[in-house]
Amino acid sequence: MMFDCLAFGEVMLRFDPGDTRIATAETFKVWEGGGEYNVVRGLSHCFGKRTAVVTALVENEIGRLIKNRISAGGVNTDLIQWLPYDGIGESCRNGIYFLEKGFGLRPAVGASDRGHSAISQLQPGQIDWEHIFGKCGVRWFHTGGIMAGLSRSSAAVVLEAMQAARSHGTIVSYDLNYRPSLWQRFGGKDKAKEVNQMLLPHVDVLFGIEELERSPEGLETELFRQAILKTAETHPQLKTIASTMRVVKSANVNDWSGLLWHEGDFHQGVRFENLEIYDRVGAGDAFAAGIIHGRLENLPLQKTIDYGVVHGALAMTTPGDNSMFSLPELDRLLATKDAGVLR
Ligand SMILES: O=C(O)C(=O)C[C@H](O)[C@H](O)CO
């Protein structure tokens, strides 16, 4: 089975209290989610790509629920590593997280409960990457800074995956996705940067930027351009860097766009000022899915960045981490934006 895109990362069960708060909830809706997985979920659901996820789950009812949700999202589950359940989750467990989406001046709040998860305990040499990239065949491999920050051994597993992918001609993408809750145990942002420096030489396409010189006041393209150029200079092997542009005005109103740098040229995505948001989580992953689709199909770069931006924008209009959209809906939104003056 040849996959268009394979993601490597943790897939957790997300507990969503809906319109109320985590600390006052009586019921939760559950979704599956994870920064790396969400990208392939968007690629299969919206863009019709053949995708799979490499993750590890504990063999119990929670693990089976996560797996069933992954299957329902159209992502292949054959490469999931199953670990035995010890009855209480002491040796390893399935990660869960709680997330309330915020409203107005109340920001979104998350609480992870993911320590000792099955995937965080993976060691180099445990996954047969040669079989995956050499025998199954994968056009594009996607992972990111969440996976790399799960434990002290995670970055080494990411590195061996990247090396195996590249040795078989697979394109490698990495989303910086800095999560303070993960890195605080190891030395925070400085440690995350050190790990990124170690991994980036093995990356072709980077999502995100490490830092902006200052907080943007609006969709200030120049500020984002400078940050991208700095990364491109430090890592000359990078062919592509794509970043969302987000200015938070309130939990429900953001300015939103994206910028794509490819082999020296910039492409500014369609701009949404005062975009109304229902649930912002997963927008960056939906953005990455749009970019990967554009590159896999060799679409014009303007179309590629626009697909990233509109897919991310639409993903924020629905609950949960994942895209609920179809390609014709993206095209329709783009057509109306093109007719306006918003580019
Ligand atoms: O933040 C994390 O670690 C997650 O994986 C949870 C969400 O799925 C992720 O933030 C969405 O990008």
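As the structure lists them, so they are numbered: ligands from 1, and atoms in each ligand from 1.
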Problem set entry | SB check Arg332 Glu329 (cutoff 4.0 Å) | no
Exercise. What atoms of ligand 1 come closer than 4.0 angstrom to any heavy atom of Asp321?
Worked result: 7 (C), 8 (O), 11 (C)
Problem set entry | Qualifying residue for side chain to side chain contact (heavy atoms under 4.5 Å, CB included) with Asn94, from Thr55, Leu57, Asp113, Leu83 | Leu57
For this session: Look at Arg280 together with Asp321 and state whether they make a salt bridge at an N to O cut-off of under 4.0 Å.
Result: no
For this session: Could you check which of Asp285, Asn322, Val281 puts a non-hydrogen atom nearest to atom 12 (O) of ligand 1?
Result: Asp285
For this session: Nearest 0.5 Å please: distance from the OG1 atom of Thr20 over to the NZ atom of Lys101.
Result: 10.0 Å
Problem set entry | For atom 9 (C) of ligand 1, closest protein heavy-atom neighbour | Arg179 NH2, 3.7 Å
Exercise. Heavy atom under 4.0 Å from ligand 1: found in Arg114's side chain, backbone, both, or neither?
Worked result: side chain
Exercise. Backbone, side chain, both or neither: what part of Asn38 comes under 4.0 angstrom of ligand 1, heavy atoms only?
Worked result: side chain
For this session: Return a yes/no value for Met12: is any of its N or O atoms, backbone included, closer than 3.5 angstrom to an N or O of ligand 1?
Result: no
Exercise. Do the non-hydrogen side-chain atoms of Phe8 and Ile132 ever get within less than 4.5 Å of each other?
Worked result: no
Exercise. Going by the order shown, which atoms of ligand 1 are within less than 4.0 Å of some heavy atom of Gly33?
Worked result: 8 (O)
Problem set entry | Side-chain donor-acceptor contact under 3.5 Å, Ser173 with Trp140 | yes
For this session: For Asp331 and Lys303, run salt bridge (Lys or Arg N to Asp or Glu O under 4.0 Å): C-alpha distance rounded to whole Å, both residues' side-chain angles, the deciding distance at 0.1 Å, then the answer.
Result: CA-CA 10 Å; Asp331 284 328; Lys303 186 98 188 169; 3.6 Å; yes
Problem set entry | Nitrogen or oxygen atoms of Gly35 and ligand 1 under 3.5 Å apart | yes
Exercise. Under 4.0 Å from any heavy atom of Gly34, which atoms of ligand 1 are there?
Worked result: 5 (O), 8 (O)
